[in-house]
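Structure, as structure tokens:
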Amino acid sequence: PYVSHTLADELDSVFSPISEAYSSIRATLDFALPRASHPVIQFTSSQPGEGKTTSAVALATRFAALGRKVLLIDMDLRRPSVAKALGLERAQTGVVDVLYSRVPLERALANCGIENLFVLPTGQIPHNPVEILSSGLLPEFLARHRRDFDVIVIDSSPILGIADAPLLSRYVDGVVFVIEANVSHYGQVRQAVRRLRDVNANIIGTMLTKFRAL
């Protein structure tokens with residue numbers, strides 16, 4: 001799920017269908033999670049390749065375009081892709097180093113060249129994602145830095161077969177569930193949603209991606 005140059009160009013054009021669609025979704029998220037709350041929004045999907053990273057990047061960009069100070073965190077600790085989606089070089093330091101206080105947040109941020117958008121990449125892929133997400137380090141980080149940003153957008157791992165996304169969903173204000181049109185099976189989607197509901201995740205909406213009208 002990477003943002004191509006074509007998609008990046010379309011996002012820059014406020015009148016393109018893709019840009020308008022994401023702007024509409026951004027407005028919907030504003031209603032679902034009031035701006036005054038400094039919301040933390042998680043993007044996930046049932047399986048890889050459904051467009052969750054593209055959607056997370058696009059929505060973070062749309063919030064930033066309004067003058068909001070946005071932190072985009074790549075918390076897919078197994079297959080991170082936010083940096084590649086934004087055309088950034090792979091960082092040696094990232095969110096795991098910040099969580100463990102090895103480096104301050106300011107030193108780990110990547111310069112993506114987009115005004116008001118601050119990117120916290122994964123950095124080195126850890127060998128213990130579940131332990132990290134179960135440690136309490138992430139909620140401590142969010143409590144410390146939430147007020148520093150108007151919106152925090154988190155790209156997380158897919159749900160099926162991995163414990164990461166449901167664990168992370170306990171610490172965010174809302175989860176956006178991304179579904180790839182004509183590919184995702186109903187049973188997989190239902191199972192993924194059930195796993196989120198089992199941990200009382202606040203699913204604030206679903207997004208249908210890659211739809212092609214016949």
Side-chain angles (χ1 to χ4, degrees), residues 1 21-22 24-34 37-60 62-63 70-82 85 95-96 99 120 122 125-126 128-143 146 149 151-211:
Y22 278 119
S24 177
I25 294 169
R26 191 276 312 156
T28 301
L29 291 176
D30 265 342
F31 280 109
L33 297 168
S37 67
H38 296 255
V40 180
I41 308 170
Q42 174 187 357
F43 284 77
T44 188
S45 57
S46 59
Q47 56 190 347
E50 296 194 65
K52 65 176 181 61
T53 299
T54 297
S55 299
V57 170
L59 267 299
R62 294 270 66 78
F63 278 116
V70 182
L71 177 62
L72 173 60
I73 307 176
D74 194 340
M75 284 297 297
D76 188 338
L77 302 180
R78 300 171 190 267
R79 296 180 61 186
S81 53
V82 167
V95 63
V96 176
L99 292 179
L120 181 57
T122 298
I125 298 176
N128 58 340
V130 173
E131 287 80 357
I132 292 171
L133 291 170
S134 302
S135 65
L137 293 172
L138 182 60
E140 290 175 5
F141 169 86
L142 294 175
R146 177 192 288 261
F149 299 92
V151 183
I152 296 178
V153 175
I154 300 178
D155 180 37
S156 71
S157 63
I159 295 171
L160 296 184
I162 306 174
D164 304 15
L167 283 172
L168 194 153
S169 70
R170 299 179 301 174
Y171 312 130
V172 305
D173 298 306
V175 178
V176 177
F177 185 69
V178 178
I179 304 170
E180 182 178 357
N182 304 317
V183 173
S184 299
H185 297 290
Y186 173 72
Q188 292 177 323
V189 172
R190 184 174 61 180
Q191 181 182 354
V193 170
R194 184 187 303 118
R195 289 195 63 192
L196 289 173
R197 287 178 173 167
D198 285 345
V199 294
N200 296 317
N202 180 24
I203 305 173
I204 56 175
T206 59
M207 288 181 56
L208 188 67
T209 61
K210 307 181 186 180
F211 176 74

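Residues take their numbers from the sequence shown, with the count starting at 1. The structure displayed is predicted, hence computed values, not measured ones.
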Please report the interatomic distance [atom1]([X]) to [atom2]([Y]), rounded to the nearest 0.5 Å.
| X | Y | atom1 | atom2 | result |
| --- | --- | --- | --- | --- |
| Leu59 | Arg26 | CG | CZ | 9.0 Å |
| Leu120 | Met75 | CG | CE | 9.0 Å |
| Leu133 | Ile162 | CG | CD1 | 11.0 Å |
| Ser45 | Ile159 | OG | CD1 | 7.0 Å |

Minimum heavy-atom distance between [X] and [Y], given as atom pair plus value:
| X | Y | answer |
| --- | --- | --- |
| Ala201 | Val175 | CB-CG2, 4.3 Å |
| Ser134 | Leu167 | OG-CD1, 3.6 Å |
| Leu72 | Ala56 | CD1-O, 4.2 Å |
| Asp74 | Leu77 | O-CD2, 4.5 Å |
| Pro158 | Asp76 | CD-OD2, 4.0 Å |
| Ile152 | Arg146 | CD1-CA, 4.0 Å |

[X] versus [Y]: any side-chain heavy-atom pair under 4.5 Å?
| X | Y | result |
| --- | --- | --- |
| Val176 | Ile204 | yes |
| Leu99 | Ile132 | yes |
| Phe149 | Val70 | no |
| Thr44 | Phe177 | yes |
| Arg62 | Ile25 | no |
| Phe141 | Val95 | no |

Any pair counted as side-chain hydrogen bond (donor to acceptor under 3.5 Å, both in side chains), so long as it reaches residues 197-207, sequence neighbours left out:
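Qualifying pairs, neighbours excluded: none.
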
Contact list for residues 152-171, test side-chain hydrogen bond (donor to acceptor under 3.5 Å, both in side chains), sequence neighbours left out |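 Sorted result for residues 152-171: Gln42-Ser156, Lys52-Asp155, Thr53-Asp155, Arg78-Asp164.
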
Show your working on side chain to side chain contact (heavy atoms under 4.5 Å, CB included) between Val193 and Ile203 and close with a plain yes or no. CA-CA 9 Å; Val193 170; Ile203 305 173; 4.0 Å; yes

#### Entry: Main-chain N/O of Val189 paired with Ser46 side-chain donor or acceptor, under 3.5 Å
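Checked: no pair found.
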
